[in-house]
K.L.:
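Before I ask anything, let me first share the structure, which is written out below as C-alpha cells.
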There are 2 protein chains.
Amino acid sequence: MSGTLVFLKKVTIQDIAEALNISFSTVARALNDHPAISPATKKRVREAARKMHYRPNKLASSLRSGKTHVVGVIVPNLHVSFFSSVVHGIDTVLNEHQYSLLLYQSNESLGQEVKGIDTFLRSRVDGIIASITRETSHYEHYDEIRKRHVPLILFDRVAESLRVPSVRIDDYKGGFMATEHLIAQGYTNIAHITAEQDLAIATERLRGYRDALIRHGLPVQEELICKGPFSADFGRACVASLLDRKVPFDALFALEDFTALGALQELLERGVRVPDEVGVIGFANESFGTLVTPGLSSVDQQTVRMGEIAAELFLGTVSGNTPASVMLDPILVPRASSLRIR
Amino acid sequence: MSGTLVFLKKVTIQDIAEALNISFSTVARALNDHPAISPATKKRVREAARKMHYRPNKLASSLRSGKTHVVGVIVPNLHVSFFSSVVHGIDTVLNEHQYSLLLYQSNESLGQEVKGIDTFLRSRVDGIIASITRETSHYEHYDEIRKRHVPLILFDRVAESLRVPSVRIDDYKGGFMATEHLIAQGYTNIAHITAEQDLAIATERLRGYRDALIRHGLPVQEELICKGPFSADFGRACVASLLDRKVPFDALFALEDFTALGALQELLERGVRVPDEVGVIGFANESFGTLVTPGLSSVDQQTVRMGEIAAELFLGTVSGNTPASVMLDPILVPRASSLRIR
DNA sequence: GTGAAAGCGCTAACAA
DNA sequence: TTGTTAGCGCTTTCAC
C-alpha cells in the first residue's frame with residue numbers, strides 16, 4: 001500500500017540553489033514568481049523544488065516579513081452549535097484567502113480568554129476574531145491587541161466600549177418579528193419566556209416582544225411573561241404554571257428553541273392543540289426544529305453568515321479599511337407550530 | 001473606559017538587555033528560567049520585561065528550536081456536531097499542555113485535505129490529528145506527513161494501511177449492544193435501518209445487529225432490514241413500508257439518531273405505541289434525544305473523549321512512545337423509547 | 001536577470 | 001554566573 005517509508009530530509013532554498021548552481025536569492029525570487037526572473041529559470045527552479053520535495057518554511061518567511069497569515073479565533077465553547085457554526089463560516093472565508101485559523105476556547109473563563117490572547121500575540125497572528133466571555137468585565141487584554149496594531153473583530157458578544165468592528169444579530173428585531181408573526185396569525189394573548197439574568201440577548205428580544213405588541217395595539221400583560229433559566233424544563237414549567245393558574249393565552253414566544261420545545265411538549269401532553277389553540281415560536285433555529293411534530297417555528301440567527309462576515313471584516317482591515325460594524329437581520333422561519341392560517 | 005490608546009512598539013530581548021545593560025543572552029536565559037542565572041538578575045529581567053510589555057516572538061523561537069507547539073487538526077466539517085465535539089476534546093487536552101490548535105476543514109474534499117496537510121507542513125506543526133475525508137482513496141499525502149517525521153494521529157475515519165496510532169469507536173460492539181438491549185427488553189422481531197452505501201460505520205453496526213440476534217437464538221430476517229440514505233425521512237419511509245406490508249416487527253434499531261427519530265415519529269403518527277408495541281433505539285446520542293417524547297434511546301459515541309484520546313496519543317508520540325490505537329467502547333443510553341420493563 | 005549580504009528574534013554551544 | 005557567537009530559513013535592499 002504505502003510502500004517503503006523513505007524519510008525526507010529537510011530541504012531549503014539553499015539546497016535547491018546548490019543543486020542548480022545558482023544563488024539562493026534567485027531561487028527565492030523564482031518561487032515567489034518575481035517578475036525580474038526569466039521564465040526559463042523559474043521553470044528549472046520549480047521543477048527542482050518539486051523533485052526535491054521542497055516545502056517553504058512559513059516560520060522563516062513570517063519572521064522575516066512580519067506576516068503570518070494566521071488569524072486567531074476565540075470562542076467560548078466549540079461544543080455549542082452556535083459557535084461551531086460561526087467558526088465554520090469564519091474558516092470558509094479565511095481559507096479562500098489563504099489564511100489559517102488558530103483556535104482557542106475560553107470556556108467562558110476570563111483567565112482562559114486572557115491566556116488565549118496572550119498566545120495569539122506571541123504567535124504574531126495577523127488578526128483576532130473573538131466572542132467575549134460572559135465573565136469578562138474589563139477589557140484591558142482586548143485593548144492590548146489594538147495597542148499592538150493587531151486587527152480585532154468581535155462577533156455576537158460585543159463590547160461597545162472597545163469601538164471595534166463587529167458583527168451580531170439584531171435581537172430586538174428578532175423578538176419583534178417573532179411576535180409580529182404570531183399576531184399576524186391571529187393570536188392575541190401572547191406569552192413570552194425570557195431569562196432571569198440581565199443578558200443582552202434576552203432583554204433585547206423581550207424589548208422586541210413588547211414593542212411589537214404595542215405597535216399592534218395589544219396590551220403588554222406582565223403575568224404572561226415568565227422569567228427563568230434557559231432550559232426545556234423551564235419551558236414546561238412556564239406553560240404548566242400558566243395553565244394551572246388558568247391565565248388565558250393563545251400563543252407563546254420563547255427566547256430560544258430548547259425552552260420553546262419544552263413548552264411545546266407540555267402543551268401537547270396536556271392535550272392543548274398546537275397551533276390551533278396555542279401557537280409556539282422559538283429562537284435560534286436549532287436543527288431539531290424540523291424534526292419535532294409539529295415543526296417548531298423559529299428565528300434564524302444566520303450563524304454561518306455571521307462567521308463569514310466576521311472574516312470579511314478582518315480582511316477589510318487588512319486591505320486598509322476601517323470597516324463598520326454589521327447588524328445582521330434575523331430570518332423568520334415559520335413552521336407548523338405557529339401556522340394556523342393556511 | 002479604555003482610555004487613550006498608546007501604541008506599543010515592538011520590544012525584543014535586545015531592548016530589555018540594553019535597558020538593563022546586560023547581554024541579550026542573559027535576558028533570554030532569565031526569561032526561560034535557566035538554572036545558571038542568579039535569582040537577582042532573573043527578577044530584574046522579569047520586571048523589566050513586564051514593564052516594557054515584552055511578548056516573546058514564537059516565530060523566532062520556533063524557527064530556531066524546530067518546535068512550534070502547534071498541532072494541526074483536519075476535520076471534514078465543523079458544522080457536524082460529532083466533529084465539533086471531538087475538536088472540543090482535542091483542544092481541551094492540547095491546551096493543558098501548552099499546545100495551540102491550527103484548524104482545517106476538508107469539507108469531504110480530497111483536494112482540500114491535501115491543501116490542509118500542505119499548509120500544516122509549511123507551518124511546521126509539531127503534529128497532525130485528522131479524520132479522513134469520505135472521498136479519499138489514496139494516502140500519499142498522509143504518507144508524506146510521516147516521511148517528514150511529523151506525528152500523525154487519526155480518529156474515527158481511519159486508514160488501516162497507514163499503520164498510525166488512531167482512536168475510534170467500536171461500531172460493531174455498539175450495534176451489538178443496541179440490539180441486545182432490545183432483546184433484553186423482550187422484543188423479538190427487531191428491524192434494522194442501515195445505509196445503502198458501503199460505509200464502515202454502517203456495515204459494522206449491521207454486523208453487530210446480526211451477531212446479537214444469532215447469539216440470542218433469534219432469526220436474522222432480511223425483510224426486516226431497510227437500506228437507504230441517512231435521514232429522518234428514510235426512517236419514516238422504512239417504518240411506513242414495514243407497516244404497509246404488514247411485516248410483523250416489535251422493535252427497531254436505526255444506524256443513527258435522525259433516522260431513528262423519523263421512524264419514531266412515523267410510528268407515533270400511525271398510532272403505534274412506543275415502547276409498548278414497538279421499541280426504538282438510535283445511535284450517536286444526539287442532543288435532541290432527551291427532548292423528544294418518548295425520550296429516544298441511543299448509543300453514545302464518546303465524542304469528547306475521542307478527541308481527548310487523540311490528543312493524548314499525540315502527546316504520547318511526543319514523549320517518544322509509539323502509542324497503540326484505541327478502540328473506544330460505546331455507551332448504551334436507554335431512554336423511554338425502548339424501556340418497557342420497569 | 002542575477003548575486004551578495006544583512007537581518008527578522010530567538011536558542012544554544014562555547015568561552016570566559 | 002554571564003557574554004560572545006553562530007545560525008534557524010527566509011525576504012529584501014543594493015549592487016552589478
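First the proteins, then the strands, lettered A, B, ... as listed; each starts at 1.
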K.L.:
Given atom CD1 of Ile16(A) and atom P of dT2(C), what is their separation to the nearest angstrom?
P.N.:
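The answer, rounded to whole Å, is 16 Å.
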
K.L.:
Between Thr12(B) and Asn57(B), is there a side-chain heavy-atom distance shorter than 4.5 Å?
P.N.:
no

K.L.:
Specify whether Phe7(B) and His149(A) have parallel, tilted or perpendicular ring planes, treating 30° as the upper limit for parallel and 60° as the lower limit for perpendicular.
P.N.:
parallel

K.L.:
What residues, two or more places apart in sequence or in another chain, satisfy salt bridge (charged side-chain N to carboxylate O under 4.0 Å, His left out) together with Arg55(B)?
P.N.:
Asp118(A), Glu144(A)

K.L.:
Would you say Thr12(B) reaches dG9(C)'s phosphate, i.e. side-chain N/O to OP1/OP2 under 4.0 Å?
P.N.:
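No, because none of the side-chain N or O atoms of Thr12(B) sits under 4.0 Å from OP1 or OP2 of dG9(C).
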
K.L.:
Determine whether Phe83(B) and Leu78(A) make a side-chain contact, defined as any pair of heavy atoms from C-beta on separated by less than 4.5 Å.
P.N.:
no

K.L.:
Among all residues two or more places apart in sequence or in another chain, which pass the ring-ring contact (aromatic ring centres under 6.0 Å, His included) test with His141(B)?
P.N.:
His138(B)

K.L.:
Using a strict heavy-atom distance below 4.0 Å, which residues from residues 30-55 of chain B are in contact with DNA chain C?
P.N.:
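Asn32(B), Tyr54(B) - these, ordered by number, are the residues of the stretch whose heavy atoms sit under 4.0 Å from the strand.
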
K.L.:
Between Arg50(A) and Glu47(A), is the closest basic N to carboxylate O distance under 4.0 Å?
P.N.:
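No.
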
K.L.:
Whole angstrom is fine here: how far is it from CG in Asn57(B) over to P in dG7(C)?
P.N.:
18 Å

K.L.:
Answer yes or no: is there a side-chain heavy-atom contact under 4.5 Å between Ile153(A) and Val71(A)?
P.N.:
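When only atoms from C-beta onward are counted, Val71(A) and Ile153(A) do not touch, as no gap falls below 4.5 Å.
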
K.L.:
Please state whether the rings of Phe314(A) and Tyr99(A) are parallel, tilted or perpendicular, taking 30° and 60° as the class boundaries.
P.N.:
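It falls in the perpendicular class, over 60°.
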
K.L.:
Round to a whole Å and report the spacing from CG of Leu20(A) to P of dT2(C).
P.N.:
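My rounded result for the distance is 11 Å.
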
K.L.:
Is the backbone of Arg124(A) close enough, under 3.5 Å, to the side chain of Thr68(A) for a donor and an acceptor to pair up by distance?
P.N.:
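Answer holds: yes.
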
K.L.:
For the backbone of His69(B) and the side chain of Asp126(B), can you confirm whether one donor and one acceptor N or O come within less than 3.5 Å of each other?
P.N.:
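Looks like yes, one N/O pair under 3.5 Å.
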
K.L.:
Give the angle between the helix axes at the two ends of the helix from dG1(C)-dC16(D) to dA16(C)-dT1(D), taking five base pairs at each end and rounding to 10°.
P.N.:
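If I round to tens, the end axes sit 40° apart.
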
K.L.:
Can you tell me how the ring of Phe120(A) sits relative to the ring of Tyr104(A), calling it parallel under 30°, perpendicular over 60° and tilted otherwise?
P.N.:
perpendicular

K.L.:
Using a cut-off of less than 4.0 Å, is there contact between a side-chain N or O of Ser23(A) and OP1 or OP2 of dT2(C)?
P.N.:
no

K.L.:
For DNA chain C, what residues of residues 58-70 of chain A have any heavy atom nearer than 4.0 Å?
P.N.:
Leu63(A), Arg64(A)

K.L.:
Carefully, step by step, assess Asp33(B) and Arg46(B) under the rule side chain to side chain contact (heavy atoms under 4.5 Å, CB included).
P.N.:
CA-CA 10 Å; Asp33(B) 207 18; Arg46(B) 283 187 192 140; 3.1 Å; yes

K.L.:
Could you list, one pair per line, each protein nitrogen or oxygen that sits under 3.5 Å from a nitrogen or oxygen of nucleotides 13-15 of chain C, together with the distance?
P.N.:
residue, atom, partner, partner atom, Å
dA13(C), N6, Arg29(B), NH1, 3.3

K.L.:
Rounded off to whole Å, could you give me the CZ-to-C1' distance for the Phe24(B) and dA12(C) pair?
P.N.:
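Rounding to the nearest Å, CZ of Phe24(B) and C1' of dA12(C) are 10 Å apart.
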
K.L.:
Specify the residue among Gln14(A) and Ile22(B) whose closest nucleotide of DNA chain D lies further upstream toward the 5′ end.
P.N.:
Ile22(B)

K.L.:
Can you tell me which residue among Leu8(B), Ile16(B), Asp15(B), Val27(B) is in a side chain to side chain contact (heavy atoms under 4.5 Å, CB included) with Tyr54(B)?
P.N.:
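Between Tyr54(B) and the candidates, side chain to side chain contact (heavy atoms under 4.5 Å, CB included) is satisfied uniquely by Ile16(B).
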
K.L.:
Whole angstroms only, please: what is the NZ-C1' distance between Lys10(B) and dG7(C)?
P.N.:
15 Å

